[in-house]
Amino acid sequence: MQYWLMKSEPETFGIDDLAACPKGTDHWDGVRNYQARNMMRDQMRAGDRVLFYHSNTKVPGIVGIAEVVREGYPDHTAFDPDAKYYDPKSDPDKPRWYMVDVKFVRKLKRTISLQELKEEHADALEDLPLLRRGNRLSIMPVTAQQWEYILGLES
DNA sequence: GCCAACGTTGGC
DNA sequence: GCCAACGTTGGC
């Protein structure tokens, strides 16, 4: 089993929105970045665990846990001219963009903020892309050690 | 709202 | 294939 961190803007789709979905499950559409696409298409497996991160908000940070329940498949919103992330270059016969389905597992007891993660100055977190300067990846791998460390901060 | 960092686009 | 221009991300 692998671990991931996925960013979302709470204004658009936050952890509570995921929890409110039927079966707590929704597809992670709208990713239009090749690196993130590759991870969803090629690496994410059902059962993988996900740190749900709120970005572009007052207190950015990790707010919950989700689980991958469906592996990479074409992101149909790329084919829809009315969709926000429509991409005319993505062809249903040769899809450019992929998504996975994720399921709500639980909210953290408290938000583990980006600031807090930075202030840990932990060796374990040194290589976490989230903490690297200028990082813009919306999906990133998390090692088992990083996972344990981060959740160890929760209580 | 600002702006640094980064990815993508497109002219050459 | 280079690289300037542009658009987006996302913390602050």
Side-chain angles (χ1 to χ4, degrees), chain A residues 2-21 26-44 48-68 72-102 104-143 145-147 149-154:
Chain A
Q2 301 174 95
Y3 302 99
W4 306 93
L5 182 146
M6 298 173 89
K7 293 180 189 171
S8 189
E9 299 187 12
E11 299 276 306
T12 309
F13 188 83
I15 187 76
D16 291 328
D17 295 307
L18 181 63
C21 287
D26 203 7
H27 47 259
W28 202 268
D29 61 276
V31 172
R32 300 289 180 266
N33 168 281
Y34 288 106
Q35 251 185 294
R37 186 278 311 267
N38 292 346
M39 287 186 265
M40 290 202 290
R41 189 189 59 187
D42 307 331
Q43 293 181 253
M44 295 178 90
D48 285 358
R49 291 275 156 148
V50 176
L51 295 171
F52 198 112
Y53 179 90
H54 279 176
S55 68
N56 227 336
T57 189
K58 201 169 175 183
V59 182
I62 296 160
V63 295
I65 295 174
E67 178 185 345
V68 177
Y73 63 106
D75 180 346
H76 57 78
T77 66
F79 310 138
D80 177 2
D82 296 327
K84 185 177 176 192
Y85 294 106
Y86 172 59
D87 181 357
K89 292 178 196 153
S90 187
D91 182 332
D93 291 330
K94 204 166 181 271
R96 175 178 290 200
W97 304 113
Y98 283 72
M99 59 188 179
V100 296
D101 285 357
V102 296
F104 174 80
V105 174
R106 70 176 178 91
K107 286 173 77 164
L108 299 191
K109 291 173 214 154
R110 63 184 189 85
T111 297
I112 299 173
S113 70
L114 177 63
Q115 184 187 5
E116 179 178 354
L117 291 172
K118 283 181 175 169
E119 286 173 352
E120 284 289 313
H121 298 294
D123 290 341
L125 302 182
E126 197 182 355
D127 293 324
L128 187 67
L130 184 73
L131 302 183
R132 302 214 95 120
R133 188 158 160 271
N135 159 69
R136 286 171 53 188
L137 256 191
S138 63
I139 299 176
M140 67 189 72
V142 172
T143 67
Q145 291 77 12
Q146 289 162 351
W147 178 274
Y149 188 95
I150 291 167
L151 291 183
L153 299 173
E154 185 182 4

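Convention: sequence-line order gives letters A, B, ...; per-chain numbering from 1.
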Any A:K7 side-chain N or O less than 4.0 Å from OP1/OP2 of C:dG10: yes
How long is the line joining CD1 of A:I139 and P of C:dT9, in whole Å? 13 Å
Please state how far atom CG in A:L130 lies from atom C1' in C:dT9, giving the value in whole angstrom units. 13 Å
Between the side chains of A:S90 and A:R32, does any donor sit under 3.5 Å from an acceptor? no
Measuring to OP1 and OP2 of C:dG10, would you say a side-chain N or O of A:K58 lies under 4.0 angstrom away? no
Nucleotide C:dG11, atom P - distance to CZ of A:R132 in whole Å: 17 Å
Should A:Y73 and A:W97 be marked as a ring-ring contact (aromatic ring centres under 6.0 Å, His included) after you check the CA-CA gap, both sets of side-chain angles, and the distance that decides it? CA-CA 8 Å; A:Y73 63 106; A:W97 304 113; over 10 Å; no
If I take atom CE in residue A:M6 and atom P in nucleotide C:dT9, what distance separates them, rounded to the nearest angstrom? 15 Å
Distance check needed: C:dG11 C1' versus A:L114 CG, whole Å only. 7 Å
Reading DNA chain B from 5' onward, which residue's closest nucleotide shows up sooner: A:N56 or A:N135? A:N56
To the nearest Å, give me how far apart CD (A:E119) and P (C:dC12) are. 10 Å
Please verify the inter-ring angle class for A:F52 with A:F13; under 30° counts as parallel, over 60° as perpendicular, anything in between as tilted. tilted
Looking at A:Y85, does any N or O in its side chain come under 4.0 Å of the phosphate oxygens OP1/OP2 on C:dT8? no
Test: A:R37 and A:D75 ion pair at under 4.0 Å: no
Could you check how far CG of A:N33 sits from P of B:dT9, rounded to whole Å? 11 Å
Of the candidates C:dG10, C:dC12, B:dG7, the side chain of A:S55 sits closest to C:dG10
Test item: A:I65 and A:W147 side chains (from C-beta on) under 4.5 Å apart, heavy atoms: yes
Ranking C:dG7, C:dG11, B:dT8 by distance to the side chain of A:R136, first place goes to C:dG7
Between OH of A:Y53 and C1' of C:dG10 the distance, given in whole Å, is 8 Å
